[in-house]
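Presented below is the structure to which this report refers.
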There are 2 protein chains.
Amino acid sequence: MGTQGQNDSSRQPTVKEVALLAGVSPMTVSRTLNGGKSVRLEVQQRVIDAVQMLGYQRNENARSIRPGQPSGLVGVAITNIANPYYGNFALGVEDIASQRGRRIILGTTGEDSARERQLIADFIGRQVEGLILVPSGGRSDHLQPNRLRGTPLVLASRMAAGVDVDAVIVDDIGGALRGTQALLDVGHTRIGYLGNDASTFTGMRRFQGFRQALVAAGLAADPRHVRLGQNDISEAALAATDVLMSPDAPTALFAANNRNAVGALKAIGELLAHGRPLETMPALVSFDSFELSELMPVPVVVVDHDARELGRQAATMLFRRLDGDPDAPAVVVEMPTVVRNSRR
Amino acid sequence: MGTQGQNDSSRQPTVKEVALLAGVSPMTVSRTLNGGKSVRLEVQQRVIDAVQMLGYQRNENARSIRPGQPSGLVGVAITNIANPYYGNFALGVEDIASQRGRRIILGTTGEDSARERQLIADFIGRQVEGLILVPSGGRSDHLQPNRLRGTPLVLASRMAAGVDVDAVIVDDIGGALRGTQALLDVGHTRIGYLGNDASTFTGMRRFQGFRQALVAAGLAADPRHVRLGQNDISEAALAATDVLMSPDAPTALFAANNRNAVGALKAIGELLAHGRPLETMPALVSFDSFELSELMPVPVVVVDHDARELGRQAATMLFRRLDGDPDAPAVVVEMPTVVRNSRR
DNA sequence: CTGTTAGCGCATTCAC
DNA sequence: GTGAATGCGCTAACAG
């Protein structure tokens, strides 16, 4: 009975209560909690004890209300966490952020520009110290520095037209080119393409790399075998089936992202299950890796990069900006890709 | 020249500035922003215009500083976002939370109880309205309601010993039992087991379901073919290889989670690549589904449930608690699993 | 080394 | 329908 060192009130204790219990002023509590400069060790101990006893937890929101005080929050807006690619990306950001004592506040845009705008506004309203965004394309006036009120922004994976800020992107063009090259090298000449909308940054660039490789080999993309705009696995599977059933079906497919690659493989699995012979199935290039690619029934070339590392890089750039010159020119880092056969 | 309707100061505008511009008092601005009760429509419009003009964004942190004011934040602590399972889970939480106008603040525990404790404390300090946690096991005194200061907590996927709060879990026992049954039904009698540590909630339950099925068939688990405690894919692959190379190697494997299933399949792929004949490879039960399971070289039985739905459910329970009686008895929901053959 | 004063941005309470 | 005063939890700036 009686208190056992744990206050179980449902209200959070405040500095005042801690101060009272420790027999000091709130200021001394605050100082102690912020490193203990200019507080006698003995007094600090009393404060620590009181904190312990009450289970005091500083109210971070109140702390950051005055301008200039950091909120300890970084806003991260991605298109979709369910995509393992972005899950890994978020994890990379979290790696670095938690190392720097920051917390992640996360939102998903679902590729919707309006939601993105709202999300960013909300993040700003929550006083985030910085923003990391995978832009969804579309208008981007809400990303202009003056709208951001000085909050540093780092774009990841894609850039946004007319927005001059730090960015980490991937070597889309080179990766797509070398991936396509790998197919050409083993003799394929009819290669289909499954990608996202050509208006998106990565969509455009990957398609460009694909075409460059074909052109270099004296070939051209057959429009009947090009499908753009699939955003999820089932759409991708439909598109792939369609391409594979068409006359002069390609002997290989280039999938411009994870979702399209998995969709293509599902389509292939379906065709195999319906008795189509394995030899008639296409080889595949997948931009973005996926688990167990080495166990697929068809040869898979993976154009790989580390999404977690991309997240780390983005966060690192953000903190560099926070620690350094806010007005230094924007930096764009392009991460390399690795092309490999899934079967060693 | 001059302002063009966009203030580009780097400081955030405040209610005061909006009020000044609109020619009203700060109070009127506040009222307008909170629904406009008791403000003349005409005045409201002036305020809206001023907000627009300045690009004013309410400071949510300042707003929630007074006790009782909601912060609009829900804390989500999971073990690892890179695991697509938890990525989907987080997405489900976000689905519901964003629908209710709340933002997610995310942290990863990495199965570390100390990090979990710190994370929870930090979330509380940020005044989250509620917490959703995949507990990492270990001590759990920091999850006791009195430590949480009345912040509702929902556990997901696992429960924590001695913590009487709302939880959404999965039918681990039944799923494992029925999955194992599926192997027994097709004639397997030597079945290996790859799972997480038996001390974890799901580890224990899934192992229990596995053994129950064996016992019901008059069999018992062979300790030489049981490996517990693998937490990532490479550890799982090692364990699987080990089991498959052992004398009297099992003809089937039960993988108690996604990571162990993928690891087992990697091991199988490796053995195949080294020339082991396909017929000697084990069938597999995977608790948790994974993409492209239908394309695997060995038969895979998937014990499936929807992680995103689990996240939705957890969030729904949290909001129900927020809207309802904080003192109502804790509710535990067990989500069903579906057992299916990956090859239709 | 420690305490007092004041104010961050907002909204509740009470006047008018 | 509107405004003035007040205080939320915390910490600079200034006293002592």
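What's counted below: heavy atoms across the whole structure, side chains too, no hydrogens, waters or symmetry copies. Sequence lines set the chain letters: A, B, ... in the order given, protein chains first and strands last, and positions in each chain run from 1.
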### Query
Please walk me through it: do B:Gln127 and A:Gln12 pass side-chain contact (heavy atoms from CB on, under 4.5 Å)?
CA-CA 9 Å; B:Gln127 315 303 112; A:Gln12 304 228 23; 3.7 Å; yes

Could you give the [atom1]-to-[atom2] distance, from [X] to [N], as a whole number of Å?
{"X": "B:Leu54", "N": "C:dG9", "atom1": "CG", "atom2": "P", "result": "14 Å"}
{"X": "B:Gln127", "N": "C:dC10", "atom1": "CD", "atom2": "P", "result": "17 Å"}
{"X": "B:Arg149", "N": "D:dG9", "atom1": "CZ", "atom2": "C1'", "result": "15 Å"}
{"X": "B:Gln57", "N": "C:dG9", "atom1": "CD", "atom2": "C1'", "result": "13 Å"}
{"X": "B:Lys16", "N": "D:dT6", "atom1": "NZ", "atom2": "P", "result": "15 Å"}
{"X": "B:Gln12", "N": "C:dG9", "atom1": "CD", "atom2": "P", "result": "9 Å"}
{"X": "B:Arg58", "N": "C:dC8", "atom1": "CZ", "atom2": "P", "result": "19 Å"}

### Message
When you compare the side chains of B:Asp49 and B:Gln45, does any donor N or O come within less than 3.5 Å of an acceptor on the partner?
### Response
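Note: B:Asp49 and B:Gln45 side chains meet the donor-acceptor criterion.
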
Side-chain donor-acceptor pairs of residues 117-125 of chain B under 3.5 Å, sequence neighbours excluded:
unit_1	atom_1	unit_2	atom_2	d
B:Asp122	OD1	A:Arg103	NE	3.3
B:Asp122	OD1	B:Arg126	NH1	2.7
B:Asp122	OD2	B:Arg126	NH1	3.4

### Task
May I ask you to list the residues of residues 59-72 of chain A, by number, that have any heavy atom positioned under 4.0 Å from an atom of DNA chain C?
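Within residues 59-72 of chain A, the residues near DNA chain C are A:Ile65, A:Arg66, A:Pro67.
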
### Query
Where along residues 24-38 of chain B does a heavy atom fall under 4.0 Å from DNA chain C?
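Hits under 4.0 Å, by residue number: B:Met27, B:Ser30, B:Asn34.
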
### Query
Starting at the 5' end of DNA chain D and moving along, which residue's nearest nucleotide shows up first, A:Val15 or B:Val39?
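In this pair, the answer is B:Val39.
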
### Task
Show your reasoning for whether side-chain contact (heavy atoms from CB on, under 4.5 Å) applies to A:Val332 and A:Met159.
CA-CA 9 Å; A:Val332 175; A:Met159 303 218 280; 4.0 Å; yes

### Query
Taking C-beta and beyond as the side chain, do A:Val24 and A:Val29 meet within less than 4.5 Å on heavy atoms?
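Result yes, sub-4.5 Å side-chain heavy-atom pair found.
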
### Task
Just jot down the salt bridge (Lys or Arg N to Asp or Glu O under 4.0 Å) partners of B:Glu94, sequence neighbours excluded, or say none.
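Salt bridge (Lys or Arg N to Asp or Glu O under 4.0 Å) check on B:Glu94 returns A:Arg115.
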
### Task
Carefully, step by step, assess A:Leu143 and A:Leu133 under the rule side-chain contact (heavy atoms from CB on, under 4.5 Å).
CA-CA 10 Å; A:Leu143 300 180; A:Leu133 168 71; 3.6 Å; yes

#### Entry: Angle of first-five versus last-five pair axes in the helix from C:dC1-D:dG16 to C:dC16-D:dG1, to 10 degrees
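Inter-axis angle at the ends, rounded: 40°.
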
### Task
Just grab all the salt bridge (charged side-chain N to carboxylate O under 4.0 Å, His left out) pairs involving residues 64-76 of chain A, residues at least two apart or on different chains.
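Pairs touching residues 64-76 of chain A that pass the test: none.
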
Nearest non-hydrogen partners of [X] and [Y], listed with the distance:
{"X": "A:Val165", "Y": "A:Ala330", "result": "C-CB, 3.4 Å"}
{"X": "B:Tyr85", "Y": "B:Ser157", "result": "OH-OG, 4.4 Å"}
{"X": "A:Ala22", "Y": "A:Arg46", "result": "O-NE, 2.9 Å"}

